[in-house]
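Everything numeric here is computed off the predicted structure, so don't read it as measured data. Nothing fancy with the numbering, it's 1 onward along the sequence.
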Amino acid sequence: MRRIVLAVLVVFAACGDNRGNDDGRPTVVASFFPLAELARAVGGADVVVHDLTPPGVESHDYEPSTRDIDRIEDADVVLYLGGGFQPAIERTAGRAQKAVDLLASARADGDPHLWLDPTAMVAWVDVVARAVGVDHAGDFRRALRDLDDEYRRRLAPCRSRVIVTTHDAFGHLARRYNLEQQPLTGITPDAEPDPKRLAELADLVRARGVTTVFTEGTDDAKAAEALAREAGVRTAVLSTLEQPVDGGYIAGMRRNLDTLTQALQC
């Protein structure tokens with residue numbers, strides 16, 4: 001009778017623990033969408049990738065659930081951005097067998113939005129490949145380099161070089177392609193815009209022939225629309241790609257490029 005009870009307890013415990021990966025492939029946990037894209041490109045079919053931040057949730061503010069914490073602890077590799085980008089996940093990442101802070105491998109200069117520069121993504125591919133131990137990202141590297149070439153070629157002849165954004169997320173992209181970013185607020189997306197800054201930007205938009213105020217299409221839209229009305233211009237969505245997008249990272253970056261070329265009169 002005792003053997004039967006023990007056997008039942010073992011079976012119950014095994015059924016109740018859904019953590020880990022049953023087919024033997026290593027598990028990579030990525031803190032949000034761009035890092036999950038890197039992991040899938042690098043690992044291919046050899047790894048299982050979990051994207052922690054759910055669609056529709058602000059990545060900066062996401063608090064990992066109990067299930068997320070279990071996944072982090074059980075993962076072979078955890079990919080995240082340090083520097084306070086996702087502080088709750090950053091605090092938990094130390095529980096992983098191997099935690100890789102991708103910001104620590106790059107010069108972010110206080111701005112974590114490096115994934116919006118395709119050349120930074122190329123460098124991160126190599127970091128992820130070393131961490132995971134496999135590298136199937138040859139096609140992804142080529143696609144990133146082609147994307148960089150396309151950005152440089154299409155943005156070179158633009159009549160305007162100024163991009164007015166709702167928060168300071170496009171600095172790396174702007175520096176890479178010789179643009180000038182003028183944000184309403186700083187790095188943190190939920191900061192309230194200062195009325196004085198709104199007035200300054202309205203004057204700048206009118207003085208420098210800016211045609212568009214860029215919104216990320218989220219809670220920032222009201223401030224962007226208010227500025228656009230004041231300055232007599234339109235708004236358009238320029239995505240930070242922190243959320244999953246149709247077609248993946250490359251397709252999302254190309255949509256951003258189409259938006260930029262129209263707004264900057266290229």
Side-chain angles (χ1 to χ4, degrees), residues 21 25-65 67-108 111-137 139-141 143-144 147 169-170 172-173 187 189 216 239-253 256:
N21 186 43
R25 291 179 295 165
T27 299
V28 179
V29 168
S31 65
F32 73 127
F33 170 68
L35 306 192
E37 286 276 281
L38 283 171
R40 294 185 185 105
V42 167
D46 290 341
V47 301
V48 175
V49 178
H50 294 297
D51 181 353
L52 285 184
T53 304
V57 174
E58 169 55 56
S59 57
H60 296 263
D61 301 331
Y62 184 60
E63 294 281 343
S65 65
R67 185 182 184 191
D68 291 336
I69 293 171
D70 288 343
R71 281 179 165 166
I72 287 170
E73 290 177 341
D74 291 343
D76 295 279
V77 179
V78 173
L79 304 175
Y80 72 102
L81 295 187
F85 178 75
Q86 289 183 297
I89 293 176
E90 186 175 353
R91 288 192 298 269
T92 311
R95 303 187 188 188
Q97 297 178 49
K98 182 187 289 186
V100 180
D101 175 3
L102 289 170
L103 276 190
S105 68
R107 284 192 60 188
D111 178 0
H113 302 85
L114 273 161
W115 66 89
L116 294 170
D117 175 352
T119 63
M121 286 284 278
V122 172
W124 278 354
V125 167
D126 296 334
V127 175
V128 173
R130 287 193 295 271
V132 175
V134 295
D135 189 349
H136 298 295
D139 288 344
F140 192 58
R141 281 189 185 87
L144 289 169
L147 181 66
F170 297 91
H172 292 294
L173 182 146
I187 296 291
E216 295 165 32
S239 174
T240 59
L241 303 181
E242 294 177 31
Q243 299 288 326
V245 295
D246 291 341
Y249 170 86
I250 298 290
M253 285 290 287
N256 275 353

Is the backbone N or O of [Y] less than 3.5 Å from a side-chain atom of [X], with the two atoms forming a donor-acceptor pair by type?
X	Y	answer
W124	L102	yes
R71	V29	no
N256	S239	yes
Q86	S59	yes
D101	G82	yes
D76	T27	yes

(request) Sort and list the pairs that fulfil salt bridge (charged side-chain N to carboxylate O under 4.0 Å, His left out) and have at least one residue in residues 111-129, not counting sequence neighbours. (result)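 Of all non-adjacent pairs touching residues 111-129, those that pass salt bridge (charged side-chain N to carboxylate O under 4.0 Å, His left out) are D126-R141.
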Excluding sequence neighbours, so at least two apart, what forms side chain to side chain donor-acceptor pair (under 3.5 Å) with E90?
->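 Partners of E90 by the side chain to side chain donor-acceptor pair (under 3.5 Å) criterion come out as none, since no residue qualifies.
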task: Report the residues that fulfil side chain to side chain donor-acceptor pair (under 3.5 Å) with D246, sequence neighbours left out, ordered by chain and then residue number.
output: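 Side chain to side chain donor-acceptor pair (under 3.5 Å) check on D246 returns nothing, list empty.
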Looking at every non-hydrogen atom in both residues, tell me the closest pair between [X] and [Y] and how far apart they are.
X	Y	result
P54	Q243	O-OE1, 3.4 Å
P118	L147	CG-CD2, 3.8 Å
V245	G252	CG2-CA, 4.1 Å
A39	V128	CA-CG1, 4.3 Å
A129	V42	CA-CG1, 3.6 Å
L116	L173	O-CD1, 3.4 Å

**Message:** Going by ring pair (Phe, Tyr, Trp, His ring centres under 6.0 Å), name the residues that satisfy it together with Y80, two or more places apart in sequence or in a different chain.
**Reply:**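 If we apply the ring pair (Phe, Tyr, Trp, His ring centres under 6.0 Å) test to Y80, skipping adjacent residues, there are no hits.
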Any residue meeting ring pair (Phe, Tyr, Trp, His ring centres under 6.0 Å) with W115, in chain and number order, not counting sequence neighbours
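Applying ring pair (Phe, Tyr, Trp, His ring centres under 6.0 Å) to W115 gives F32, F85, H113.
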Measure the [atom1]-[atom2] distance between [X] and [Y] for me, rounded to the nearest 0.5 Å.
X	Y	atom1	atom2	result
I72	I89	CD1	CD1	6.0 Å
L144	D139	CG	CG	11.0 Å
R130	S105	CZ	OG	8.0 Å
D74	I69	CG	CD1	12.0 Å
E216	T240	CD	OG1	4.5 Å

For a quick test of your reading: what N or O donor-acceptor pairs under 3.5 Å do the side chains of residues 91-100 make, sequence neighbours left out?
unit_1: T92; atom_1: OG1; unit_2: A88; atom_2: O; d: 2.9
unit_1: R95; atom_1: NH1; unit_2: E73; atom_2: OE2; d: 3.1
unit_1: Q97; atom_1: NE2; unit_2: A75; atom_2: O; d: 3.4
unit_1: K98; atom_1: NZ; unit_2: A131; atom_2: O; d: 3.0

Got a sec, which residues hit side chain to side chain contact (heavy atoms under 4.5 Å, CB included) with D68, two or more places apart in sequence or on another chain?
->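 Side chain to side chain contact (heavy atoms under 4.5 Å, CB included) check on D68 returns L52, Y62, P64, S65.
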Listing request: all side chain to side chain donor-acceptor pair (under 3.5 Å) pairs with a residue in residues 37-48, at least two apart in sequence or in separate chains.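 Listed by first then second residue: D46-H136.
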- request: Show your working on side chain to side chain contact (heavy atoms under 4.5 Å, CB included) between H50 and V28 and close with a plain yes or no.
  value: CA-CA 6 Å; H50 294 297; V28 179; over 6 Å; no
query = Does any non-hydrogen side-chain atom of L38 lie less than 4.5 Å from one of F33?
reply =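 F33 does not reach L38 side chain to side chain.
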